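Below you'll find the structure, written out as structure tokens, and then a few comments.
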Amino acid sequence: MATRIALVADPDGPGGRFQRLADDGSPAGPPERTADLAASVAAAEARERPRWVWASTDALYPRLLPLRAARCHDLALVEPLLLAHEGHYGHPRSLGAAWARLHGLAVPEDRRESALPDDQPTLFQPDRLQLPAGTDPLRAVVEVHADQQRRIAAAEHPDRMRLLAAAESAGALAAAEMAYEGLPWRADVHDELLTGLLGPRPPAGVQPQLLAEVAAELQQAFGGRPFNPDSHVQVLRAFAEQGFSLPSTRSWVLQQVDHPAAALMLRYKELSRIHTAHGWAWQESWARGGRFRPEYVVGGVVSGRWASRGGGALQIPRMLRGAVVADPGWSLVVADAAQLEPRVLAALSGDAGLARAAAQGDLYEALAALAFGGDRARAKLGMLGAMYGQTSGEVGPLLAVLRRRFPTAMAYVEAAARTGEEGGVVRSHLGRTCPPPSAGWQDLAGAGAAGAGAEDDGGSDGDRAVRAARARGRFTRNFVIQASAADWALALLAALRRRLAEIGPDATGGRPHLVFFQHDEVVVHVPTQYADAAAAAVAEAGEEARHLVFGATPVRMPLEAHVVECYADAK
DNA sequence: ACAGACCGCGCC
DNA sequence: AAAGGGCGCGGTCTGT
């Protein structure tokens, strides 16, 4: 067990205070003061690699970077994990809120975002502990931490909750480090890609040439009247005038329309999307100085997946991945966990047949061989339907096959769905708990159970109650898988950043570091001489995460690492 | 003028 | 019989 050290930064100035803690969180020394927080942290890292206990990694760690902390306990991230596990939901995350709850005081409102000026990323805002005036922040950190340690020990599976808290906290370290490093982004390559698609860069606010041309052709195809292709209403009306009554302007709908305007519309949407979401304006805002610097929001999704704020970090179009190029003398290691979610289901449920398929490199191929006459496409469609709760169309019969051949796995997801339909909560393997149903959902469920029959165009209350129940069932069905996959991914990140820290440095001080993380995929930027070592570290970290999270399971969760110069070359 | 709902699409 | 999970973002549209 690592030493624990509680740490608070002075609100202004480079100093701070700290206190050594025993593993249960009780003080193991007196409160101490340092005039140079970073120097004290660096010294302690070199000496003993403690687990830093602090209010919020977001608030404190950026001021320490590029200094690396090996591990931490993030009180603001652990608190909601524990609260949700204990049956509470929707509480503020600040240290102040946790401290107030602990002392039976009124919980302060969470005003993390609202009061901030918008010219600076939230990440670099000073700490907002939101403690009552006069409260000693170090004492609050120590007390809230001790309380959290007690609650972790009281969890349904204390070891798993301890791992979850550590992994979530390690994720926060990795997120701050990735924001600091940035993803290598070649503006010149991005420009070339945009110019090829849209024409030369126009002045701000002017439609690119090729986009304007497609818009003009569209207008011609619809008879020449002024027409805004960005307006769904106008697009639907234009198609109606040509004799096509469309349910929506979705691309799969347009693909089936036999009219010259349909192809133009699809082309327009594609170009417009690139221009508005990842065009020159995006580059100006998010990818300056050769780096794309997104803000990750650790735990931003209830399932434990990360979200991002600004820049669309988790939606970089494949079309633009050519702009992600390693620095000269450096490489990228790109690795993703293939078919992670069905593998996670196999591990969670302990289904022997599915585990047999998941012991293979291509799970769907193996599944097809076991149950679908070798038809990989149908095996995949059925598996996805089982995990998402889809049953329409051709999926129904596939589910019947899965139920017959993999009864334990199917019973697992169906039990999760039933729990959700009945208003219950489910947990990930490590104990992350899904939110309870909303008040509106419960009202609807009550009305549905009462059999009241007020009709409107949404059907009777009973119909709506059934639809809402099914929707929640699909959510909890998917939650157990998605959230357990997120458990694994966090453990992977934690293991990987620890292993990467042991590689290098090269003659210029270069070391590998994580630069991108997207649910089940990581990108490492690494001096080329260490690329193979980093690729090996990725594979080993995947194995470590599998053992940590799922214990002894025959299910493989392979991470295939590609050493490339350019992200686009990884697949 | 602004806020929030809705749409449709990018990613997993 | 039918029933598709999770996000962020920028666009229009609607209500105030």
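Only this structure's heavy atoms are used, side chains among them; waters, hydrogens and symmetry mates stay out. Bear in mind the structure is a predicted one, so any value in this text is a computation, not a measurement. Order of the sequence lines sets the chain letters (A, B, ...), proteins ahead of strands, with each chain counted from 1.
Taking 4.0 Å as the cut-off between side-chain N and carboxylate O, E217(A) and R267(A) do not count as a salt-bridged pair. A salt bridge does not link E565(A) to R186(A): none of the charged side-chain nitrogens sits closer than 4.0 Å to a carboxylate oxygen.
Residue-environment remark: NZ (K380(A)) stays at or below the threshold of 12 foreign heavy atoms within 6.0 Å. Heavy atoms of other residues, nucleotides or ligands lying less than 6.0 angstrom from CD of E394(A) number 12 at most.
The CG-P distance, from L314(A) to dG10(B), rounds to 16 Å in whole Å. Taking atom CD on E421(A) and atom C1' on dA3(C), their separation rounds to 10 Å, with Å as the unit. Computed from coordinates, the I316(A) CD1 to dC9(B) P distance equals 21 Å when rounded to whole Å. One can place CG of L398(A) at 14 Å from C1' of dG4(C), the figure rounded to the nearest angstrom. Across the protein-nucleic acid pair, I274(A) atom CD1 and dG11(C) atom P stand 14 Å apart, rounded to whole Å. The CD-P distance, from Q390(A) to dG5(C), rounds to 9 Å in whole Å. Atom CZ of F479(A) is separated from atom P of dC7(C) by 10 Å (rounded to the nearest Å).
Closest-nucleotide positions on DNA chain C for R470(A) and H519(A) were compared, and the one nearer the 5' end corresponds to R470(A).
Among the heavy atoms of the strands lying under 4.0 Å from T249(A) are primed sugar atoms or P, OP1, OP2 only; no base atom is included.
Separating the C1' atom of dA2(C) from that of dC9(B) is a span of 26 Å, rounded to the nearest Å.
Here dG8(C) is the nucleotide among dG8(B), dG10(B), dG8(C) with the atom lying nearest to any side-chain atom of S308(A). Looking at the side chain of R321(A), the nearest of the listed nucleotides dG5(C), dC11(B), dC7(B) is dC11(B). The side chain of S248(A) lies closest to dG8(B), out of dG8(B), dG10(B), dG5(C). Taking the side chain of A307(A) as heavy atoms from C-beta on, and the options dC7(C), dG8(B), dG4(C), the nearest nucleotide is dC7(C). Closest contact between the side chain of Q234(A) and the listed nucleotides dG10(B), dC13(C), dC12(B) involves dC13(C).
In terms of polar N and O atoms assigned as donor or acceptor, the side chain of R273(A) comes within less than 3.5 Å of the base of dC9(B) in a complementary pairing. In this model, a side-chain donor or acceptor of Q315(A) finds a partner on the base of dG8(C) within 3.5 Å.
Within the structure, a side-chain polar atom (N or O) of K269(A) is placed less than 4.0 Å from OP1 or OP2 of dC9(B). Using a 4.0 Å cut-off, some side-chain N or O of S231(A) falls inside it from OP1 or OP2 of dC13(C).
When each of R343(A), R376(A), R556(A) is paired with D362(A), the salt bridge (charged side-chain N to carboxylate O under 4.0 Å, His left out) condition holds for R376(A) and for no other.
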